[in-house]
Amino acid sequence: MRELRVEDALMYLDQVKMEFGDRPQIYNEFLDIMKTFKSQEIDTPGVIRRVAALFHGNKRLVLGFNTFLPEGFRIELPLDGSPFPVYREPGR
């Protein structure tokens, strides 16, 4: 996994906070998802599904979450116009 810089994480958090400034519950839910992931209560595919659902319709935030994923995992938006992101696991 490429090294995650603190500045990258803080910048992404600021983007989330600004995007949902009028709905702080979404920002707080994102923080809860990240805490759950960090404590290993959910795995990488699980965190991808939850974040993609939370940020559904916000391409920039969904794709920006790639910054936090372990090497080999990647969120992509389908070329067929589907609004639902997909993810790739290592070796697939």
Side-chain angles (χ1 to χ4, degrees):
M1 177 163 113
R2 79 173 181 82
E3 186 175 330
L4 178 64
R5 298 180 328 173
V6 172
E7 295 84 14
D8 294 335
L10 292 176
M11 189 167 63
Y12 186 79
L13 287 174
D14 282 344
Q15 290 173 0
V16 173
K17 189 180 280 189
M18 286 176 29
E19 184 69 29
F20 299 107
D22 60 336
R23 294 177 285 167
Q25 70 276 14
I26 293 178
Y27 177 75
N28 291 330
E29 187 173 341
F30 174 70
L31 294 179
D32 288 342
I33 291 169
M34 293 306 293
K35 288 176 194 170
T36 304
F37 180 55
K38 185 175 181 180
S39 68
Q40 299 180 344
E41 292 176 47
I42 57 174
D43 60 5
T44 301
V47 76
I48 290 170
R49 281 191 297 275
R50 290 176 73 177
V51 168
L54 184 65
F55 296 156
H56 178 75
N58 190 312
K59 178 180 176 179
R60 183 173 53 90
L61 290 180
V62 170
L63 294 178
F65 191 68
N66 281 316
T67 301
F68 297 96
L69 298 179
E71 187 174 322
F73 284 89
R74 181 146 190 87
I75 300 172
E76 300 173 348
L77 295 177
L79 296 176
D80 66 4
S82 170
F84 300 102
V86 296
Y87 68 91
R88 304 283 179 231
E89 293 186 41
R92 292 190 177 178

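Worth saying up front: this structure is predicted, and the values here are computed from it rather than measured.
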Gap separating the [atom1] atom of [X] from the [atom2] atom of [Y], nearest 0.5 angstrom:
X	Y	atom1	atom2	result
R49	T44	CZ	OG1	10.5 Å
N28	R23	CG	CZ	13.0 Å
F30	R50	CZ	CZ	11.5 Å
E29	I26	CD	CD1	7.5 Å

Which residues share a ring-ring contact (aromatic ring centres under 6.0 Å, His included) with Y27, sequence neighbours left out: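 With neighbours one apart ignored, the set is empty.
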Residues that F37 engages under ring-ring contact (aromatic ring centres under 6.0 Å, His included), provided they are two or more places apart: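 In terms of ring-ring contact (aromatic ring centres under 6.0 Å, His included), with neighbours along the sequence ignored, F37 is linked to no residue.
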With Q25 via side-chain hydrogen bond (donor to acceptor under 3.5 Å, both in side chains) - residues at least two apart: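 Once residues adjacent in sequence are excluded, Q25 has no partner under the side-chain hydrogen bond (donor to acceptor under 3.5 Å, both in side chains) criterion.
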For N58, all residues meeting side-chain hydrogen bond (donor to acceptor under 3.5 Å, both in side chains), sequence neighbours excluded: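 Residues passing side-chain hydrogen bond (donor to acceptor under 3.5 Å, both in side chains) with N58: E19.
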Partner of L54 by side-chain contact (heavy atoms from CB on, under 4.5 Å), out of V62, I33, L61, V16: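 With L54 as partner, side-chain contact (heavy atoms from CB on, under 4.5 Å) holds for just one option, I33.
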With D32 via side-chain contact (heavy atoms from CB on, under 4.5 Å) - residues at least two apart: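 Once residues adjacent in sequence are excluded, the partners of D32 under the side-chain contact (heavy atoms from CB on, under 4.5 Å) criterion are K35.
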Partners meeting side-chain contact (heavy atoms from CB on, under 4.5 Å) with E41 (sequence neighbours left out):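 Only T36, S39 meet the side-chain contact (heavy atoms from CB on, under 4.5 Å) criterion with E41.
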Verdict with reasoning, F65 to I75, per side-chain contact (heavy atoms from CB on, under 4.5 Å): CA-CA 8 Å; F65 191 68; I75 300 172; 3.9 Å; yes
M11-L31 co-clustered via ILVMFWY side chain contacts under 4.5 Å: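 No, M11 and L31 fall in different hydrophobic clusters.
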Same apolar cluster: L13 and V47, side chain cutoff 4.5 Å: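 Yes.
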D8 side chain reached by F68 side chain, heavy atoms, under 4.5 Å: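 F68 does not reach D8 side chain to side chain.
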Beyond-backbone contact of I48 with F73, side-chain heavy atoms, under 4.5 angstrom: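 SC-SC contact between I48 and F73 confirmed.
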N/O donor-acceptor pair under 3.5 Å between N66 side chain and R74 backbone: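 Not confirmed, N66 side chain does not pair with R74 backbone.
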